[in-house]
Amino acid sequence: MPEYADVIVDISMEKLDRTFQYRIPEHLRDTLAEGMQVIVPFGGGNRTLKGFVTQVTDVCEFDPARIREISGIAERGVCLEGQMISLAAWIRRIYGSTMNQALKTVLPVRRKIREKTRRRLVRTVSLEEAKEYLELFERKHQTARFRLLAALMDQEEIDYRLVSEQLHLTAQTVNKLEEMGILRVETDTVFRNPVKRTKEGAAPVALNEEQQAAVRGILERAKAGDLTPSLIHGVTGSGKTEVYMELIASVLKEGKEAIMLIPEIALTFQTALRFYQRFGEQVTIVNSRLSEGERYDQMERARKGQVRIVIGPRSALFTPFGNLGIIIIDEEHEGSYKSETVPRYHARETALRRAQMCGAFVVLGSATPSVESYARALEGEYRLYRLEKRALEKPLPETEIIDLREELKAGCRSALSRRLRELMEDRLKKGQQTMLFLNRRGYAGFVSCRACGHVIKCPHCDVSMSLHTGGRMVCHYCGYEERAGKMCPSCGSSYIGAFRAGTQQVAELVRREFPGARVLRMDLDTTKNKDGHEKILEAFAEGRADILVGTQMIVKGHDFPNVTLVGVLAADLSLYGGDYRASERTFQLLTQAAGRAGRGREPGIAVIQTYSPDHYSIETAAAQDYGAFFEKEIAYRRLMEYPPAAEMMAIYLSGTEQEALEEGAMILRQVISGENQEAHVRVIGPADARIARVNDRYRKVIYLKCRDRDRLTELMERLEPALREAKELKALTVQFDRNPMNGY
Ligand code: ADP
Ligand code: ZN
Ligand code: ZN
C-alpha cells in the first residue's frame, strides 16, 4: 500500500507546478487515489488548503521525520478537474515534462477573452432563385461560384473561415456573389457554430453489413462493460465516418458525450457538413488556429453541456466533458497526433488513458493503421474490425511501378519516366488532370546509386545514412560516421550521390516538356503567403491548371474528381528518411497518393517511380496489401528492437557551446549507465541530431530502448535529480521524446 501522496495545491495560483509530498494516514491508504481532492496542512499554524493528488507512491522524497499528513479527503470519487489533473501527472511521468507544462496542456489557460468579430455569409435569395443561379454558374463553368452557392444551399449561413479553409475559395468569389445580391456578409461578436443547421437531423444512411458488424460489436462490448479499444481498418471510402456517426449517436442517446479527433488537414468541408447535418447544434468543430481565448470559450461550452460532440485536432482530446462516453481517433496513424512541443504526448495513448479513467471507450480508425496499433490489435489488446469494400462501388485506382534504374539504362535521366510522360500527354489531350507528388521531407539527403539502387545504411541501426557537409555520412541514431565514397560499393558505378530533387525543378521541367500545359506548384515556398494554399487548390479544383506539382501537402484530404493520373516521382525520398518509421511513412504516403487518382467518374492510374521497385513498402503499397506490408515491417521492428517491439525514448540535448554540449551528453550517458546497472535498457548515442545546429544552438540525441515500458519510465524518473543538479547538464536544454515520430 503506497504510503505517500504527491499533492498539487490550489491550481489557480500561478505556481502551477509545485507538488508537495504528504504521508497518507493509515485509514485512507486503501481509498486514496490519483485525482482525488484532499485537505492538507499548509504553511504555519493551522492553515489548511485543498489540493489534488497527482500520484501515490512508496518513495519518500523528503525527510520522513518531517513530512506531514493529509488531513482528510475533501470529496470521495474523482471529479472532472481531478481526472484532468491526474491525466496531466500521467503525461508528465510518461512523456517527460514539468507538471506545469503538463497542466497547461490539459487545462486550457484562463484568460480574459477578448470578443472576436466573426464574419459569416448569409444567403439572401430563396432556394428556387439559388437553383437558377446554380445552373447559370454550371453552364458558364464558374466552378468557384458554383461551389460557394451549393454550400449556401445546404446551409443558409456559413462562417467566413470555412469559405477559405474548407471550400478553398477566395474573397473575390464571395464579393462577386455579394454584388449579385445572392449573399450578404454579416459580422457579429459572439462565438457561434461555424455552420448553422437548416435541415433537421439528416437521416443516416443504411449501414452495410460490414459497417453494422463493427457498430454492433463495439456497442455490445461497451454495454457489457468491456472497454477494450477498437481498431477499424477500412479502406478510404469504406464508410468509417458513417460508423463513427452511428457510435456517437448511440453514446449521445445514453446521455454521454463524444470526442472525435481528426487530423486538421484531413477535415474537409464535406465531412464537417455531414456532422452538422446529423447532429446540429450539439457539435462543435475546433481547430488549432483558435486563439487561447476562443479555445477556452469552446471548452466552457463543453463543460456547461452546450455542446456534446467536439471534433478537432489533438488538443480536442482535453475537452472537459464530465460524462465522456467515446473517443474516436480517425486516421490514427497520422504524425500530427504526436505533439511536437513539450510534453511530446501522443494523443492515441493519452486518449486510452483518459478513457480508462472515466470509463469511456476508444475507437481508432485508419486505411493504413500504424504498425503499433495493428500489432496491438493482432495481439488482442485492441479489437479489430475490417471494412473491406468501398461503400460507393468506386474501384481503387490501378498502380504501376516504374524502375528508374531501367530508365537510366535506357539513357533516360529525366525526373519523368517515359511511361509517366506518355500518360501525362494522354491526360492533357483528354482534358484530365495530373498530380505529381514529390515526397520530400526534412533535410536528410541519403546516399544512393542511380545505377543499381543501392542505399548506404548504418551497419548498426539499419537506417539510411545522411550526407552532411564535407562529405561525411552520419547515422542519426548512433552517430556512426563514414566518408562518402565516389563509387557504389555494390556495383562499382560512379552514379552514386545524395538524392536531391525539389518541386521547383520539377515544375520547370514539366513546363519545358509540355509547353502548352498549365502547371501549378504547391510546397512550403508557394504557400507561405496567407491563403496561398487555398488559392492554389482552388485554381486546380476549378480546372485552371492541368498539372499540380507538390509535396505531401497535396495528397491529404482534398478530392479532385478530374484527376485521373497521380505520379509519385521519387518514392525513395521518404523510403530512406534515416529513421525507423521511413518504410511505414512511405507505405502510407503511397497509399494516400494513389488514392488521389480516380475520385470521380473516370478510373485513375497511379505511377510510382523508384530505384527500389522491390522494396516491400513500395510493392505492397502498389498491391494495396496492408497485411503483407505489416508482416514485413513488424519483422524488421522486432529484429532491430524498434517500436512497437520495444519502447524507445529520445533525449534531445541542445546548447550554445559545442564542447559543453558534447561534455554534457557524455555525462548524461554515464548517469544513464549508472542508473541502468541491470542493463535492461539499451543506450545508443550520443549522436548529432538530424539538424545538428539550429539558430546557433548545437543539438545531440541519445536514444534509449527497452522491451518493458515501465522500466523505461522508471529510468527516466531516476534521471531527474541529475538533470536538476549536475552543473554540466543544467546549462543545457534537455527534452524527452517517447517513441519519437518527427525526428530532431
Ligand atoms: P471513410 O470515412 O471510410 O473514408 P465515408 O464514411 O466518408 O468513408 O464514406 C464514403 C462515402 O460513402 C460517403 O459519401 C458516404 O456518405 C458513403 N457511404 C458510406 N456508407 C454508406 C452506406 N452504408 N450507404 C450509402 N452510402 C454510404
Ligand atoms: Zn550501384
Ligand atoms: Zn547507427
Side-chain angles (χ1 to χ4, degrees), residues 202-215 232-248 260 262-263 266-268 270-275 277-278 328-332 363 365-369 385-394 396 404-405 408-409 447-466 473-482 485-497 556-557 559 561 578-580 591-592 595 599 611-612 640 642 682 684-688 690 701-703 705:
V205 301
L207 298 187
N208 64 32
E209 244 165 68
E210 286 181 330
Q211 289 169 317
Q212 279 177 28
V215 171
I232 302 179
H233 177 205
V235 295
T236 357
S238 60
K240 295 186 289 300
T241 308
E242 295 296 335
V243 171
Y244 304 150
M245 288 200 284
E246 198 60 33
L247 293 171
I248 290 173
M260 176 159 133
I262 179 164
L267 180 69
T268 60
Q270 296 312 329
T271 309
L273 219 52
R274 279 162 76 186
F275 275 90
Q277 284 175 343
R278 176 122 178 218
I328 295 167
I329 305 186
D330 190 28
E331 313 263 8
E332 65 86 32
V363 176
S366 174
T368 52
Y385 297 93
R386 292 180 211 274
L387 304 182
E388 285 168 350
K389 288 193 294 287
R390 283 194 152 181
L392 300 175
E393 299 301 318
K394 268 184 205 156
L396 289 164
L404 290 174
R405 297 170 305 184
L408 187 72
K409 268 191 212 150
V447 179
S448 69
C449 170
R450 293 179 61 179
C452 77
H454 181 77
V455 174
I456 314 270
K457 291 192 171 180
C458 170
H460 311 292
C461 307
D462 202 24
V463 298
S464 320
M465 306 273 281
S466 305
M473 294 189 298
V474 180
C475 167
H476 289 296
Y477 280 153
C478 70
Y480 174 81
E481 277 193 26
E482 225 177 78
K486 299 240 181 299
M487 247 184 5
C488 170
S490 172
C491 75
S493 101
S494 57
Y495 286 115
I496 187 147
K556 301 209 175 146
D559 267 354
D579 69 294
Y580 75 89
T591 308
Q592 261 170 2
R599 289 285 170 131
Y611 291 99
S612 319
M640 300 303 296
Y642 289 126
R682 263 178 64 193
I684 304 151
D688 276 354
R690 182 187 307 267
V701 194
I702 295 176
Y703 288 95
K705 276 198 241 179

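Start at 1 and go down the list; that is how both ligands and their atoms are numbered.
- Atoms OG1 and CD1, from Thr271 and Ile262 in turn, are 5.5 Å apart once rounded to the nearest 0.5 Å.
- For the pair His454 and Cys491, the minimum side-chain heavy-atom distance is 4.5 Å or more.
- For Cys488 atom SG and Cys491 atom SG, the angle they make at the Zn ion (ligand 2) is roughly 110°, to 10 degrees.
- Of the possible polar contacts, none joining the Arg386 side chain to the His233 backbone as a donor-acceptor pair under 3.5 Å is found.
- Of all atoms in ligand 1, numbered sequentially from 1 with element shown, those under 4.0 Å from a heavy atom of Asn208 are 23 (N).
- For the pair Val205 and ligand 1, the shortest N or O to N or O distance does not fall below 3.5 Å.
- Remark: side-chain polar atoms of Gln211 are paired, donor with acceptor, to backbone N or O of Gly239 under 3.5 angstrom.
- At least one N or O atom of Gly237, backbone or side chain, sits closer than 3.5 Å to an N or O atom of ligand 1.
- In this structure, Tyr580 and Met640 have side chains that are not in contact, with every pair of non-hydrogen atoms separated by 4.5 Å or more.
- If you check which protein heavy atom lies closest to atom 24 (N) of ligand 1, you get Ala206 O, 3.7 Å.
- Close contacts of ligand 1 with Ser238, meaning ligand atoms under 4.0 Å from a residue heavy atom, involve 3 (O), 8 (O).
- With a 6.0 Å radius and a threshold of 12 heavy atoms from other residues, nucleotides or ligands, Lys389 has its NZ atom at or below the threshold.
- Within the 4.5 Å cutoff, side-chain heavy atoms of Thr236 are placed close to those of Arg390.
- Within the 4.0 Å heavy-atom criterion, the part of Val235 lying near ligand 1 is the backbone and not the side chain.
- At a 4.0 Å heavy-atom cut-off, ligand 1 touches Ala391 through the side chain alone.
- The aromatic rings of Tyr477 and Tyr703 sit perpendicular to each other, their planes meeting at more than 60°, with 30° as the lower class boundary.
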Exercise. Start with the C-alpha gap between Ser493 and Cys449, add the side-chain angles, then the distance that decides, and say whether side chain to side chain contact (heavy atoms under 4.5 Å, CB included) holds.
Key: CA-CA 8 Å; Ser493 101; Cys449 170; 3.5 Å; yes

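- Relative to atom 5 (P) of ligand 1, the option among Glu210, Arg274, Glu242 with the closest non-hydrogen atom is Arg274.
- Crowding of Tyr495 atom OH: a count of heavy atoms from other residues, nucleotides or ligands under 6.0 Å not exceeding 12.
- Side chains of Lys705 and Ile684 form a contact here, defined as non-hydrogen atoms less than 4.5 Å apart.
- The distance criterion of under 3.5 Å between nitrogen or oxygen atoms is met by Gln211 with respect to ligand 1.
- Using a cut-off of 2.8 Å, one finds that Cys475 contributes an N/O/S atom close to the Zn ion (ligand 3).
- In terms of protein heavy atoms, atom 2 (O) of ligand 1 is closest to Thr241 OG1, 2.6 Å.
- Residue nearest to atom 8 (O) of ligand 1, selected from Gly239, Gly595, Gly234: Gly239 (by heavy-atom distance).
- Shortest contact from atom 14 (O) of ligand 1 to any protein heavy atom: Leu392 CD1, 3.8 Å.
- Residue contacts to the Zn ion (ligand 2): Cys449 brings an N, O or S atom closer than 2.8 Å.
- Close contacts between ligand 1 and Leu207 involve ligand atoms 23 (N) [criterion: under 4.0 Å to a heavy atom].
- Taking backbone and side chain together, His460 holds no N, O or S atom under 2.8 Å from the Zn ion (ligand 3).
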